[in-house]
Novice: 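Got a structure for you, written out below as structure tokens; questions coming shortly.
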Amino acid sequence: MSALGHFTGVGVGPGPAGLIPVAALEALKNADLIYLPRARGSEVSVARQCLAGLAIPDEKFREIEFQMDPDRSVLSSHYGELAAAVAAELTAGLHVAYLTIGDSMTYSTYGYLLAALRDKLPRLTHTTFPGVTSFAATASALSWPLGEGKERILILPCPDDMAELRTDIESHDIVVLMKIGARLPDVLSLLNDMDIARHCAFARRIGLPGEVLCDDVSTLTAEASGYLATMLIRKNAREKRHP
């Protein structure tokens, strides 16, 4: 009977190649199989693009279509099936890695898969490497400090109810807004109504074709909406600090 293989989760960043820890790269080189998530409807895996130029043999990669569905039973079934396939490889003694966009544990499909694997394989050994989040990359790309002093930051998926979002903004200094999608026009309308749009930043597909970077969303239009978008909302203008 083969010894159980090791499972590794790697956050590959929000788009630009090379934004993974050196230790994570070594783990990928030592893996027998690397699962690549690809969004339904996309022709290419963004996760694979994030590894461009790195010396990892193509034959290691196994592409799978991932599914994000609000129905928890659908999600549970999907990741149960994926976990069964990965568990079979691990039981055969293979070391398996799974790539995820951004950070492995921040609104990531990796969390569903890891939970399902641990249910199936109680003796599972695993390592999770963190990755660069979309909001950290947005802040860096736009030189937009993500919290200074004792500023309070809230990270949340964009709500459907703009009154709810207004309350979140009013009760925090900075709001990091993820999973915006088709709600972008409503968000922009709210920020303009609150007269804070000029304090806010937006990024989509950082480092990828179709990249959008904007440090004043009062100039942004609804056409910027899409997959891999992040908004940084500042309630008040940044305070000028002098040495």
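Sequence positions, counted from 1, serve as the residue numbers for this chain. All values below were derived from every heavy atom in this structure, side-chain atoms included, with hydrogens, water molecules and symmetry-related copies excluded.
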Novice: Taking C-beta and beyond as the side chain, do Ser134 and Ile206 meet within less than 4.5 Å on heavy atoms?
Specialist: no
Novice: Side chains of Leu117 and Leu90, heavy atoms from C-beta outward: is any pair under 4.5 Å?
Specialist: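 Side chain of Leu117 against side chain of Leu90, heavy atoms only: contact under 4.5 Å found.
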Novice: Linking I/L/V/M/F/W/Y whenever any side-chain heavy atoms sit under 4.5 Å apart, do Leu184 and Ile196 land together?
Specialist: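 Yes.
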Novice: Given Asp103 and Ser108, is the side-chain contact (heavy atoms from CB on, under 4.5 Å) satisfied, shown in steps?
Specialist: CA-CA 7 Å; Asp103 173 62; Ser108 170; over 6 Å; no
Novice: Go through it in stages, so that I can follow the logic: the residues are Tyr110 and Leu99, the test is side-chain contact (heavy atoms from CB on, under 4.5 Å), and I'd like the CA-CA distance, side-chain angles, deciding distance and then a yes or no.
Specialist: CA-CA 8 Å; Tyr110 171 76; Leu99 304 186; over 6 Å; no
Novice: Please verify the inter-ring angle class for Tyr98 with Phe7; under 30° counts as parallel, over 60° as perpendicular, anything in between as tilted.
Specialist: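 If you compare the ring of Tyr98 with that of Phe7, the planes turn out tilted.
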Novice: Does Lys150 form a salt bridge (charged side-chain N to carboxylate O under 4.0 Å, His left out) with Asp173? I'd like the steps, not just the answer.
Specialist: CA-CA 9 Å; Lys150 294 186 178 180; Asp173 299 298; over 6 Å; no
Novice: I need the minimum non-hydrogen distance between Leu142 and Ala201, along with the two atoms involved.
Specialist: CD1-CB, 3.7 Å
Novice: Distance check, rounded to the nearest 0.5 Å: Glu26 atom CD versus Phe129 atom CZ?
Specialist: 9.5 Å
Novice: Working note: Asp58 + Arg48, criterion salt bridge (charged side-chain N to carboxylate O under 4.0 Å, His left out); need CA distance, chi angles, decisive distance, verdict.
Specialist: CA-CA 10 Å; Asp58 287 340; Arg48 182 70 180 91; 2.8 Å; yes
Novice: Looking only at heavy atoms, what is the nearest atom pair of Ile101 and Ala47, with distance?
Specialist: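 Heavy atoms only, the tightest pair is CD1-N, 3.4 Å.
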Novice: Closest heavy-atom contact between Cys200 and Leu191?
Specialist: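 Nearest pair, atom of Cys200 first, then Leu191: SG-CD1, 4.1 Å.
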Novice: Using the rule that two of Ile, Leu, Val, Met, Phe, Trp, Tyr join whenever any of their side-chain heavy atoms come within less than 4.5 Å, decide whether Trp144 and Leu177 are in one cluster.
Specialist: no
Novice: So, the side chain of Lys60 versus the backbone of Lys29: is there a donor-acceptor pair under 3.5 Å, distance only?
Specialist: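 Looks like yes, one N/O pair under 3.5 Å.
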Novice: I want to check something: taking the side chain as every heavy atom from C-beta on, are His199 and Lys235 in contact at a cut-off of under 4.5 Å?
Specialist: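 His199 does not reach Lys235 side chain to side chain.
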Novice: Of all the heavy-atom pairs spanning Gly147 and Ile174, show the shortest one and how long it is.
Specialist: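 Taking every non-hydrogen atom into account, N-CD1, 3.5 Å.
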Novice: Under the salt bridge (Lys or Arg N to Asp or Glu O under 4.0 Å) test, which residues partner Asp161, sequence neighbours left out?
Specialist: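 None.
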Novice: Roughly how far apart are Ile153 CD1 and Leu232 CG, rounded to 0.5 Å?
Specialist: 9.5 Å
Novice: Looking at every heavy atom in both Pro157 and Lys179, which two are closest together, and how far apart are they?
Specialist: CB-CD, 3.9 Å
Novice: Is there side-chain contact between Leu82 and Tyr112, with heavy atoms separated by less than 4.5 Å?
Specialist: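 No, too far: nothing below the 4.5 Å cut-off.
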Novice: Is Leu154 reachable from Tyr107 through a run of hydrophobic residues whose side-chain heavy atoms are each under 4.5 Å from the next?
Specialist: no
Novice: Would you give the length of the straight line joining atom CD1 of Ile169 to atom CZ of Arg234, rounded to the nearest 0.5 angstrom?
Specialist: 13.0 Å
Novice: Among Val187, Thr138, Val175, Val176, which one satisfies side-chain contact (heavy atoms from CB on, under 4.5 Å) with Met231?
Specialist: Val187
Novice: Are Leu208 and Ile20 connected into the same hydrophobic cluster when the rule is that any two of I, L, V, M, F, W, Y join if their side-chain heavy atoms are below 4.5 Å apart?
Specialist: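 Linked, Ile20 and Leu208 end up in one cluster.
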Novice: Could you go through the salt bridge (charged side-chain N to carboxylate O under 4.0 Å, His left out) check for Glu89 and Arg62 one step at a time?
Specialist: CA-CA 12 Å; Glu89 307 286 7; Arg62 181 166 297 177; 2.4 Å; yes
Novice: Treating Ile, Leu, Val, Met, Phe, Trp and Tyr as nodes and any side-chain heavy-atom pair under 4.5 angstrom as an edge, say whether Leu165 and Met178 lie in one connected cluster.
Specialist: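 Different hydrophobic clusters.
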Novice: Check whether Thr167 reaches the backbone of Ala163 with its side chain - one donor and one acceptor, N or O, closer than 3.5 Å.
Specialist: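 Indeed, once roles are kept as given, a pair shorter than 3.5 Å links the two residues.
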Novice: Between Thr128 and Val10, is the side-chain contact (heavy atoms from CB on, under 4.5 Å) condition met? List the steps.
Specialist: CA-CA 6 Å; Thr128 302; Val10 177; over 6 Å; no
Novice: Go through it in stages, so that I can follow the logic: the residues are Thr127 and Thr8, the test is side chain to side chain donor-acceptor pair (under 3.5 Å), and I'd like the CA-CA distance, side-chain angles, deciding distance and then a yes or no.
Specialist: CA-CA 5 Å; Thr127 303; Thr8 303; 5.0 Å; no
Novice: Find the distance between CD (Glu59) and CD1 (Ile34) and round it off to the nearest 0.5 Å.
Specialist: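 Interatomic distance, Glu59 CD to Ile34 CD1, rounded to 0.5 Å: 10.0 Å.
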Novice: Any donor and acceptor pair, going by atom type alone, linking the side chain of Ser104 with main-chain N or O of Gly11 inside 3.5 Å?
Specialist: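 Present.
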Novice: Among all residues two or more places apart in sequence or in another chain, which pass the salt bridge (Lys or Arg N to Asp or Glu O under 4.0 Å) test with Asp216?
Specialist: none
Novice: Could you go step by step and tell me if Phe202 and Leu213 meet the side-chain contact (heavy atoms from CB on, under 4.5 Å) rule?
Specialist: CA-CA 6 Å; Phe202 176 89; Leu213 293 173; over 6 Å; no
Novice: Minimum heavy-atom separation for Cys50 and Gly13, please, with both atom names.
Specialist: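 Scanning both residues, the minimum pair turns out to be SG-O, 4.0 Å.
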Novice: Can you measure from CG (Leu51) to CG (Leu25) and round to the nearest 0.5 angstrom?
Specialist: 8.0 Å
Novice: Counting distance only, does the side-chain N/O of Arg152 pair as donor-acceptor with the main-chain N or O of Ser171 below 3.5 Å?
Specialist: yes
Novice: NE2 of His172 to CD1 of Ile155: how many Å apart, nearest 0.5 Å?
Specialist: 10.5 Å
